[in-house]
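The block underneath contains the structure these notes are about, expressed in structure tokens.
Chain naming here is simple, since letters A, B, ... match the order of the sequence lines and numbering starts at 1 in each.
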Number of protein chains: 2
Amino acid sequence: MVRMLTAEDLQCLKTIAVMGGCRGPVFASSQTLGTTIGSSPQTASRRLQALERTGLIDRSVNPDGQHITVTAQGEEVLRREYSEYCRIFGREETSVTLVGTLISGLGEGRYYMSLEPYKQQFLEHLGFEPFPGTLNIRLGQASIRQRKKLEQLEWIEIKGFTADDRTFGSARCLPCRIGKWPCGIVVPVRSHYPEDIIELVSPVALRDALGIKDMDTVTVEILQ
Amino acid sequence: MVRMLTAEDLQCLKTIAVMGGCRGPVFASSQTLGTTIGSSPQTASRRLQALERTGLIDRSVNPDGQHITVTAQGEEVLRREYSEYCRIFGREETSVTLVGTLISGLGEGRYYMSLEPYKQQFLEHLGFEPFPGTLNIRLGQASIRQRKKLEQLEWIEIKGFTADDRTFGSARCLPCRIGKWPCGIVVPVRSHYPEDIIELVSPVALRDALGIKDMDTVTVEILQ
DNA sequence: ATTACTAGTAGACGAGTAA
DNA sequence: TTTACTCGTCTACTAGTAA
């Protein structure tokens, strides 16, 4: 009977991998390993023998310790374990917080938000009729990096339309919050926006509702 | 002696979590659980008893099986494990922003930060000598959730020591920033901290440097 | 079918020791 | 110091049984 891989053996294998055993040989003794896995040196030694016998580690035993490497087979075992933990925690809700300062826009937002086709779509997808006017926020350095994560989230498509011989472009919208107010980050599909500025629609005049003015710090939460 | 969490118990806890035990109660019997963890129903039953006794799971035992939920404490244990696997395989850049309000601490931070052994370790690992005094922040709801991700990051170990017949405990520290100032989130290893409060060390008196007072909003950036 | 006892046993543990 | 053996103990397993 070939002995099964016990949970303790796996724990020992993981410990070696954390020490860097997947990238190259790590030096350890039964004593030090026993301390980290919470056992006697004898037991640690027996674990290493078992792991070697089952082909999960390679090692060279010296009089003063041993050099241990996790084999490809051992790495595969660990990867299976890792993937199980990813199933527990991996696809949890994404939550990104952007922090920036309030700035003045060009007043274009007010115009676009007054157009019925846009208003209708925001009402349908965000659950509120947008206040005619948008909030422009200049992001801090860390938030610019954070913003890139938003690309992976599910944006709402706001369709363009034609009216009075003019074409109004499409946009993408991401639901978010400022304080208790539901908002939406709006990004035109065609024109290129600066990466440090976001534009938001909201059901109310946020400058009044939150009592904020230019250069004030604003925190935007994206929960998905 | 309270029985330690064995590798087998952890394996059982993980199995429950994979079945969805972190999100809600999962229905299982000792038989089915025993099959998946490769043991007899009796052993599976004993595992569940042990996990319940140590507060890692909640359960309601019925005549036809049991409903099992992983507790917050159990989830924390799993997250630590997950973070070790992330250290082996994952290498993605994590960036977390916590937002909360400044509150007054108990003044203990000032005392601890004045102790030379702690000062030395912070200087060595964070690159600055901590200001004698800590900043306490009460996190918002979204940030409490975000905080759990921090478990996956690499914390610095601050070793405890003994002086004047008193034992000073170990702590974990995570480098972060508030504005342009480098800081560190400090969590004692032993004593249990409220999940909505974080304590930070910094090279300067942040209340003065940032001009902030109690109840002001503070944004903490963790880049790793 | 379940859970969770008790009982008997197999095997894993750490101390001691040799190389 | 190391590794890895032997050996005695005691833990932890499974089978059987009751509820």
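- Atom CG in A:Leu51 sits roughly 13 Å away from atom P in D:dA4 (whole-Å rounding).
- Counting to the nearest Å, the P atom of C:dC13 and the CG atom of A:Leu33 are 13 Å from each other.
- A straight line from CD of A:Gln31 to P of D:dT2 spans 5 Å, rounded to a whole angstrom.
- A:Gln66 places its CD atom 17 Å from the P atom of D:dT1, with the value rounded to the nearest Å.
- Closest approach to the A:Arg46 side chain among C:dT3, C:dG14, D:dA4 is made by C:dG14 (side chain taken as heavy atoms from C-beta onward).
- The side chain of B:Ser30 places an N or O atom within less than 4.0 Å of a non-bridging phosphate oxygen (OP1 or OP2) of C:dT3.
- In this pair, B:Phe89 and A:Tyr82 present their aromatic rings tilted. The plane angle is within the 30 to 60° band.
- Checking the phosphate oxygens (OP1, OP2) of D:dC13, a side-chain nitrogen or oxygen of B:Arg47 falls inside 4.0 Å.
- Taking only distance into account, the side chain of B:Gln42 never meets the base of C:dA4 through a donor-acceptor pair shorter than 3.5 Å.
- Set against D:dC13, C:dA4, C:dG14, the side chain of B:Ser45 has C:dA4 as its closest nucleotide.
- For A:Thr43, taking side-chain heavy atoms from C-beta onward, the closest of the listed nucleotides D:dT3, C:dC13, C:dT3 is C:dC13.
- Taking only side-chain nitrogens and oxygens, A:Arg59 never comes nearer than 4.0 Å to OP1 or OP2 of D:dT2.
- Between A:Phe27 and A:His67, the two ring planes are tilted [angle within 30° to 60°].
- Put simply, B:Ser29 has a side-chain N or O that comes within less than 4.0 Å of OP1 or OP2 on C:dT2.
- Taking the side chain of B:Gln49 as heavy atoms from C-beta on, and the options C:dC5, D:dA4, C:dG14, the nearest nucleotide is C:dC5.
- Classification of B:Arg59 and B:Glu52 as a salt-bridged pair holds, one side-chain N sitting under 4.0 Å from a carboxylate O.
- Between the P atom of C:dT3 and the CZ atom of B:Arg53 lies a distance of 17 Å, rounded to the nearest Å.
- Checking A:Lys14 against A:Gln11 by side-chain atom types alone, no donor-acceptor pair falls below 3.5 Å.
- Of the charged side-chain nitrogens involved, none lies within less than 4.0 Å of a carboxylate oxygen, so that A:Glu84 and A:Arg80 do not count as a salt-bridged pair.
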